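All ligand and atom numbering here is 1-based and tracks the order in the structure. Just so we're clear, the structure is a prediction, and the values are computed from it rather than from any experiment.
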Amino acid sequence: MHTLVTTTSSDSHTWNLIYLEHLLKEWGHEVTNLGACVPDELVIDQCSRLRPDIVVVSSVNGHGANDGLRLIRKVRAVQELAGLPAVIGGKLGTAGNAAAWAPRLREAGFDAVFEESEGILPFRGFLDRLAARVQV
Ligand code: B12
């Protein structure tokens, strides 16, 4: 699978992205990592150009939920990206309020939301189910 790893426009943290890149490569993915502080429009351009099997958004600066809502609404507004699998994870909010955001993020268009406290296994499960679908 080709996986596009990105963060949000406001987020300058990078080790989360490097971690995901290595983890996904270890799991057999081809990874394009867009790096820190990625403008929404660049995410959309790269999704349209590269047509990845999935886009993985990571954010840890506490603005991820807000930024992610805005980003996924823009992605889903592009007709050719309406069905692109997309997930978000990390430290999405502050003061432990992230769980409250998950339903809104899913409603706006993310296929799954992975709050850091859940660990990495649910993410692996999601990718395994997606890979089975992609290979069919
Ligand atoms: C290093 C660091 C920085 C460095 C970053 C340098 C760099 N090149 O990355 C600097 C100094 C620049 C920085 C800046 C800021 N930081 Co900072 N930073 C950290 C710190 C100490 C470590 C982050 C790190 O590298 N972790 C290692 C990586 C591998 O792990 P991770 O990021 O935690 O990601 C893990 C999980 O979240 C998960 N994950 C992440 N994404 C995804 C996605 C999916 C799909 C899945 C399944 C899992 C997943 O997997 C990773 C491995 O377990 C953390 C505190 C901490 N101990 O975590 C604060 C922290 C992330 N920073 C924080 C803040 C607030 C900021 C600033 C806003 C501070 C400020 N007022 O300026 C700015 C942000 C500026 C911006 N525009 O984004 C807060 C965020 C608060 C929140 N989310 O509730 C933290 C948690 C500190 C704190 N306790 O308050 N920071």
Side-chain angles (χ1 to χ4, degrees):
M1 286 211 297
H2 179 203
T3 301
L4 187 75
V5 171
T6 187
T7 185
T8 56
S9 56
S10 77
D11 200 329
S12 67
H13 294 86
T14 51
W15 291 111
N16 49 321
L17 306 174
I18 305 279
Y19 166 82
L20 283 171
E21 178 180 340
H22 283 281
L23 184 72
L24 288 160
K25 282 184 174 164
E26 198 175 299
W27 290 347
H29 293 231
E30 180 194 335
V31 178
T32 301
N33 180 350
L34 297 184
C37 292
V38 189
D40 297 349
E41 286 65 30
L42 184 62
V43 177
I44 289 165
D45 283 355
Q46 294 298 304
C47 287
S48 297
R49 195 170 70 80
L50 301 172
R51 304 312 293 258
D53 296 302
I54 180 171
V55 55
V56 175
V57 182
S58 164
S59 179
V60 296
N61 72 353
H63 301 283
N66 246 325
D67 288 343
L69 268 183
R70 187 192 63 242
L71 172 63
I72 196 65
R73 285 180 179 138
K74 288 188 192 172
V75 169
R76 294 307 184 213
V78 177
Q79 200 178 4
E80 64 188 6
L81 303 180
L84 170 69
V87 304
I88 188 168
K91 304 184 211 299
L92 296 177
T94 51
N97 64 355
W101 284 95
R104 287 184 65 191
L105 287 162
R106 281 193 292 265
E107 201 180 315
F110 279 110
D111 297 286
V113 180
F114 299 101
E115 183 49 33
E116 174 183 66
S117 55
E118 294 170 30
I120 218 75
L121 278 180
F123 178 50
R124 175 66 195 250
F126 179 91
L127 293 175
D128 286 348
R129 288 191 296 281
L130 179 67
R133 244 172 51 205
V134 167
Q135 278 156 23
V136 169

| remark: Residue, atom and distance of the protein heavy atom nearest atom 84 (O) of ligand 1 read Gly93 O, 3.1 Å
| Got Val57 and Leu71 here, is their nearest side-chain heavy-atom distance under 4.5 Å? | yes
| said: Could you work out, for atom 24 (C) of ligand 1, the closest of Tyr19, Trp15, Phe114 by heavy-atom distance? | reply: Trp15
| note | Among non-hydrogen protein atoms, atom 48 (C) of ligand 1 lies closest to Ile120 CD1, 4.0 Å
| Side-chain contact, heavy-atom cut-off 4.5 Å: Arg124 with Leu23? | no
| task | Determine, counting only non-hydrogen atoms of the protein, whether one lies under 4.0 angstrom from atom 17 (Co) of ligand 1. | result | yes
| task | Starting from the C-alpha separation in whole Å, work towards a yes-or-no answer on side-chain hydrogen bond (donor to acceptor under 3.5 Å, both in side chains) for Asn61 and His63. | result | CA-CA 6 Å; Asn61 72 353; His63 301 283; 4.7 Å; no
| What do you reckon, is CD of Glu80 surrounded by more than 12 foreign heavy atoms closer than 6.0 Å? | yes
| query | Hey, does Leu105 have a side-chain heavy atom less than 4.5 Å from the side chain of Leu92? | reply | yes
| task | Kindly compute the distance separating CD (Glu118) from CZ (Phe123), expressed to the nearest 0.5 Å. | result | 12.0 Å
| query | With distance as the sole test, does Asp67 use its side chain to make a donor-acceptor pair with the main-chain N or O of Ser9 at under 3.5 Å? | reply | no
| query | If you measure every N/O of Ser59 against every N/O of ligand 1, is any gap under 3.5 Å? | reply | no
| field | Atom indices of ligand 1 within 4.0 angstrom of Lys91 heavy atoms, with elements | value | 33 (O), 58 (O), 83 (N), 86 (C)
| query | Among protein heavy atoms, which sits nearest to atom 39 (N) of ligand 1, and what does the distance come to when rounded to 0.1 Å? | reply | Gly90 CA, 3.7 Å
| Can you find a protein heavy atom under 4.0 Å from atom 57 (N) of ligand 1? | no
| Hey, what do you get for CG (Leu4) to CZ (Arg51), rounding to the nearest 0.5 Å? | 12.0 Å
| Can you find a protein heavy atom under 4.0 Å from atom 80 (C) of ligand 1? | yes
| Is the closest N or O pair between Thr94 and ligand 1 shorter than 3.5 Å? | no
| message | Please list the nearest protein heavy atom to atom 34 (O) of ligand 1 with its residue and the distance rounded to 0.1 Å. | response | Asn16 CB, 3.7 Å
| query | If you measure from each non-hydrogen atom of Ile18 to ligand 1, which part falls under 4.0 Å: side chain, backbone, both or neither? | reply | neither
| field | Top protein contact for atom 78 (O) of ligand 1, by heavy-atom distance | value | Ser12 N, 2.9 Å
| Under 3.5 Å: N/O of Val60 near N/O of ligand 1 | yes
| Within a distance of under 4.0 Å, is there any protein heavy atom near atom 54 (C) of ligand 1? | no
| query | Looking at His13, which of its N, O or S atoms is the nearest one to atom 17 (Co) of ligand 1? | reply | NE2
| query | Under 3.5 Å, is there a donor-acceptor pair between the side chain of Asn33 and the main chain of Glu21? | reply | no
| query | Between Arg70 and Thr8, does any side-chain donor sit less than 3.5 Å from a side-chain acceptor? | reply | no
| Which residue supplies the protein heavy atom nearest to atom 35 (C) of ligand 1, what is that atom called, and how far is it? | Glu116 OE2, 3.8 Å
| field | Heavy-atom nearest option to atom 77 (N) of ligand 1, drawn from Pro122, Cys37, Ser10 | value | Ser10
| task | Taking atom 71 (N) of ligand 1 as the reference point, report whether a protein heavy atom occurs under 4.0 Å from it. | result | no
| Nearest heavy-atom pair of Leu81 and Ile44: which atoms, and what distance? | CD1-O, 4.0 Å
| field | Side-chain donor/acceptor of Asp53 to backbone N/O of His2, under 3.5 Å | value | yes
| request: Indicate yes or no: does an N/O atom of Gly62 lie under 3.5 Å from an N/O atom of ligand 1? | output: yes
| query | Side chains of Leu42 and Gln46: does their closest heavy-atom pair fall under 4.5 Å? | reply | yes
| message | Can you check atom 20 (C) of ligand 1: any protein non-hydrogen atom closer than 4.0 Å? | response | no
| query | Is atom 42 (C) of ligand 1 less than 4.0 angstrom from some protein heavy atom? | reply | yes
| field | Where ligand 1 meets Asp11 - atom numbers and elements under 4.0 angstrom, heavy-atom basis | value | 78 (O)
| field | Minimum heavy-atom distance Thr7-Val43, with the two atoms named | value | O-CG2, 4.5 Å
| Closest contact, heavy atoms only, Val113 versus Ala102 | CG2-O, 3.9 Å
| said: For ligand 1, which is the ligand I care about here, please tell me if Val56 has any N or O atom under 3.5 Å from one of the ligand's N or O atoms. | reply: no
| field | atom 87 (C) of ligand 1: any protein heavy atom closer than 4.0 Å | value | no
| task | Say whether, by atom type as modelled, one donor and one acceptor occur between the side chain of Arg76 and the main chain of Leu84 under 3.5 angstrom. | result | yes
| field | Thr14, Leu17, Leu127: member with heavy atom nearest to atom 7 (C) of ligand 1 | value | Thr14
| For atom 44 (C) of ligand 1, closest protein heavy-atom neighbour | Gly89 CA, 3.6 Å
| task | Distance to 0.1 Å, residue and atom name: give those for the protein heavy atom nearest to atom 68 (C) of ligand 1. | result | Asn61 O, 4.5 Å
